[in-house]
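Working notes, structure below.
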Amino acid sequence: MAKISEIEPIVLAHSEKGSATWASVMIVVKVITSDGQVGYGEAVPTLRVINVYNTIKQVSKGYIGKEAEKPEENYQEWYKQDFYLARSFESATATSAIDQALWDIIGKELGAPIYKLLGGKVRDKIPVYANGWYQDAVTPEDFAEKAKDVIKKGYKALKFDPFGPYYNWIDEKGLKEAEERVKAVREAVGDEIDILIEHHGRFNANSAILIAKRLEKYNPMFMEEPVHHEDIEGLRKYKQHTSLNIALGERLISLKEAAFYVSEGLVNILQPDLCNIGGITVGRKVISLAEAFDVEIAFHNAFGSIQNAYSLQLASITPNLYLLENFYDWFPQWKRDVVYDETKVEDGHVKVPEKPGIGVSINEKLIESLKVEPKELEVLEEPVWVVKGTWKKY
Ligand SMILES: O=C(O)C(=O)C[C@H](O)[C@H](O)CO
Ligand SMILES: [Mg+2]
């Protein structure tokens, strides 16, 4: 059986930026086997580009020489070595990206897309929701105009963060501003469209509860990360005082972390990120964990087109899928070109790619031409994790 002979982290950048600064670059992992097979994965940049790049090199030491077609065993072996894997975002994303590439290699060896290796599709098209669409939106009118464009593209659901620069607590002025933005979007899209409210984990429980009571009249389908990510007691309090669906999961980096939120009943829509949670090997286990508790899945999918391709493969085998997050229509063109623009959104759905492994072709020449040295991201008043141009009051 082929051995893993090379693992190369590659940072891609381009002058054309997308809607989220933290995804202005892509970190790609290229794995090559002893018989020349090549697999690709994607790691998460955010504010850790240099650290993730270097961690991929360190994690690779635990994978080089291992059998390429054994991602499960390789993950278990690495878990033994990497004492802080479940506590280290850098380790988790590096391991996830390498794991993705190994599943890509197996699929290519067997001539089958990953969904086939996992028992087959339960749907041929993936229903998606829009994010990234509200760049530079500030006033309610801005949000309403842009929301109409989203619906014209055929999306049946859209997510946005209506809170401007408010953080930790929110006052009456902030509540009013958020309500006016949500009201404008609801009036623009009508009652049939799912509105998803993103909080980016910025509020204390009291403020999050005030927000829920203020916005519930607009029937949001879920409230994402309403309280600070590590605020378990705040989340319990939020759940006790509101009736809205809680969505979270993008920051989870292990199966057992996901199991905690699901078994404690603290999440209704789980949003694992295949570039954080442990790649395909752990991602498929999280799907079943959620299914056992009647929790729905909406994979977090906010970085690049390789992550998007893997998310489509796993979304196709997920019986308890709500919707797949999608930035694709608001990606800079270069990100779409990395996969030859093979995962277009049509009428709010994406056809499941059928090519072996990752499902799409990878534009290796473009990757070569976009290669840059790992670098720090600028830290400005507007945090890198918001949709650009929205950290504003009006
Ligand atoms: O996609 C999500 O759920 C995120 O929390 C990430 C941000 O919304 C996205 O990158 C826009 O900044
Ligand atoms: Mg989010």
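Counting convention: from 1, in listed order, for ligands and their atoms alike. These numbers come from the heavy atoms of this one structure, side chains and all, not from hydrogens, waters or symmetry mates.
Heavy-atom proximity to E198, at under 4.0 Å, picks out these atoms of ligand 1: 2 (C), 3 (O), 4 (C), 5 (O), 8 (O). Which parts of ligand 1 touch H300 is read off a 4.0 Å heavy-atom cut-off, strictly below it: atoms 1 (O), 2 (C), 3 (O), 4 (C), 6 (C). Listed by atom number, the atoms of ligand 1 under 4.0 Å from V386 heavy atoms are 12 (O). When each atom of ligand 1 is checked for a heavy atom of N131 under 4.0 Å away, the hits are 1 (O), 2 (C), 8 (O). The distance from ligand 1 to the heavy atoms of V387 drops below 4.0 Å at these ligand atoms: 11 (C), 12 (O). Those atoms of ligand 1 with a heavy atom of E325 less than 4.0 angstrom away are 1 (O), 2 (C), 3 (O). In the vicinity of K159, heavy-atom distances shorter than 4.0 Å reach the ligand 1 atoms 1 (O), 2 (C), 3 (O). Residue A20 has at least one heavy-atom neighbour below 4.0 Å for each of these atoms of ligand 1: 10 (O), 11 (C), 12 (O).
From the protein, the heavy atom lying nearest to atom 8 (O) of ligand 1 is H200 NE2, 2.8 Å. The protein atom (non-hydrogen) at minimum distance from atom 12 (O) of ligand 1 is W385 O, 2.6 Å. The protein heavy atom nearest to atom 9 (C) of ligand 1 is F327 CZ, 3.5 Å.
Note on K371 versus E8: salt bridge recorded, some NZ/NE/NH1/NH2 to OD/OE distance being below 4.0 Å. Between K148 and E145 a salt bridge is recorded (basic side-chain N to carboxylate O distance below 4.0 Å). For the pair K351 and E346, the salt-bridge criterion is met [side-chain N within less than 4.0 Å of a carboxylate O]. A salt bridge links K355 with E342: the distance from a Lys NZ or Arg NE/NH1/NH2 to an Asp or Glu carboxylate oxygen falls below 4.0 Å. Salt-bridge annotation for E179 and K217: present, with a side-chain N of the basic residue lying under 4.0 Å from a carboxylate O of the acidic one.
No single ILVMFWY cluster, assembled from side-chain heavy atoms under 4.5 Å apart, contains both M221 and L266. Both I362 and V350 are assigned to one and the same hydrophobic cluster, defined by single-linkage of ILVMFWY side chains at heavy-atom distances under 4.5 Å. Residue V372 is grouped with residue M26 when hydrophobic side chains (ILVMFWY) are merged at heavy-atom distances under 4.5 angstrom, including chains of intermediate members. In the hydrophobic clustering of this structure, I277 groups with W22; members are Ile, Leu, Val, Met, Phe, Trp, Tyr whose side-chain heavy atoms approach within less than 4.5 Å, directly or through other members.
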Trace of the ring pair (Phe, Tyr, Trp, His ring centres under 6.0 Å) decision for F160 with W133: CA-CA 8 Å; F160 61 107; W133 54 272; 5.7 Å; yes
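The proximity of W22 to ligand 1, defined as any non-hydrogen pair under 4.0 Å, is limited to the side chain. If you look at E225 next to ligand 1, there are no close heavy atoms at all, none under 4.0 Å.
Below 30°, between 30° and 60°, or above 60°: for Y166 and W169 the angle between ring planes is above 60°, a perpendicular geometry. In this structure, Y167 and H228 have tilted ring planes: the angle between them lies in the 30° to 60° band.
Listed by chain and number, E198 OE1, E224 OE2, E250 OE1 are the protein N/O/S atoms closer than 2.8 Å to the Mg ion (ligand 2), with waters left out.
Tested against K159 for a salt bridge (Lys or Arg N to Asp or Glu O under 4.0 Å), the candidates E250, E325, E225 yield a single pass: E325.
Distances from ligand 1 to the non-hydrogen atoms of E224 include at least one value under 4.0 Å. Under a 4.0 Å heavy-atom criterion, F303 is not in contact with ligand 1. A heavy-atom separation below 4.0 Å is not found between K388 and ligand 1.
Note that CH2 of W391 is 11.5 Å distant from CZ of F163, once rounded to the nearest 0.5 Å.
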